[in-house]
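Any value given below was found using the heavy atoms of this structure, including those in side chains, with hydrogens, waters and symmetry copies removed.
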Amino acid sequence: MALFPNGILRGYERVAFENPDDATAKPWLPAAIRAEGVIYVLLCVLGGAAYGAFVRLAGGVGLVVACVPRRYLGWGGRLAYERPEELRWREGFVTAVRGLGILLVALAVRRVRRGDSKVEAGFEPDG
């Protein structure tokens with residue numbers, strides 16, 4: 001994402017939209033994709049509390065995505081694309097997005113269950 005934001009964007013549009021040639025991204029979108037990639041790398045490198053907070057945030061977003069994937073995609077389409085009303089999402093993509101949301105929730109729950117928040121604060125979990 002950080003290295004090839006335009007390629008990521010083109011690939012996303014081909015997979016996500018039935019009409020990718022009609023999708024016109026807003027001018028700032030490639031820079032936002034690059035920044036998102038840099039943030040992911042930094043959070044993974046930093047680890048600890050920063051990574052834990054990121055996983056919990058991703059789990060919260062994942063819950064929304066899993067419950068209302070079309071609404072989530074619609075919101076993202078309005079935010080990132082010119083003429084979002086012309087975008088037609090591929091049905092399989094909507095299903096995949098729901099699955100991704102479920103995965104994010106599962107990862108966040110797993111992290112909380114493992115007690116990583118106590119380890120990050122300097123306490124060892126019991127037993």
Check for me, please, whether [X] and [Y] land in the same ILVMFWY cluster - side-chain distances under 4.5 Å, paths through other members count.
| X | Y | result |
| --- | --- | --- |
| Ile8 | Tyr40 | yes |
| Val15 | Leu73 | yes |
| Val97 | Trp75 | yes |
| Val38 | Leu9 | no |
| Leu104 | Ile102 | no |

*Sub-3.5 Å donor-acceptor pair from the side chain of Asp22 to the main-chain atoms of Leu87, do we have one?*
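No; zero donor-acceptor contacts below 3.5 Å.
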*Pro5 backbone acceptor or donor facing Arg34 side chain under 3.5 Å*: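 Not at all, since once roles are kept as given, no pair shorter than 3.5 Å links the two residues.
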What pairs of donor and acceptor atoms, side-chain ones from residues 57-65 against any protein atom, are under 3.5 angstrom apart with sequence neighbours left out?
none

*Looking at residues at least two apart in the chain, or sitting in another chain, which of them share a side-chain contact (heavy atoms from CB on, under 4.5 Å) with Ala16?*
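With sequence neighbours excluded, Ala16 shows a side-chain contact (heavy atoms from CB on, under 4.5 Å) to Tyr12, Trp89, Phe93, given in chain and number order.
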*Using the ring of each side chain (for Trp, its six-membered ring), is Tyr81 parallel, tilted or perpendicular to Phe17, with breaks at 30° and 60°?*
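Tyr81 and Phe17: perpendicular rings.
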What pair of heavy atoms forms the shortest contact from [X] to [Y], and how long is it?
| X | Y | value |
| --- | --- | --- |
| Glu18 | Glu91 | OE2-N, 4.4 Å |
| Arg78 | Lys26 | O-NZ, 3.3 Å |
| Arg98 | Ala66 | NH1-O, 2.7 Å |
| Arg83 | Thr24 | NH2-OG1, 3.4 Å |
| Gly37 | Met1 | CA-CB, 3.7 Å |

Working to the nearest 0.5 angstrom, can you tell me the gap between [X] [atom1] and [Y] [atom2]?
| X | Y | atom1 | atom2 | result |
| --- | --- | --- | --- | --- |
| Trp28 | Ile33 | CH2 | CD1 | 9.0 Å |
| Phe54 | Cys44 | CZ | SG | 6.5 Å |
| Arg56 | Leu107 | CZ | CG | 13.5 Å |

*State whether Glu13 and Arg10 are salt-bridged, where the test is any N-O pair (Lys NZ or Arg NE/NH1/NH2 against Asp/Glu carboxylate O) under 4.0 Å.*
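Here Glu13 does not pair with Arg10 in a salt bridge, since their nearest N and O are not under 4.0 Å apart.
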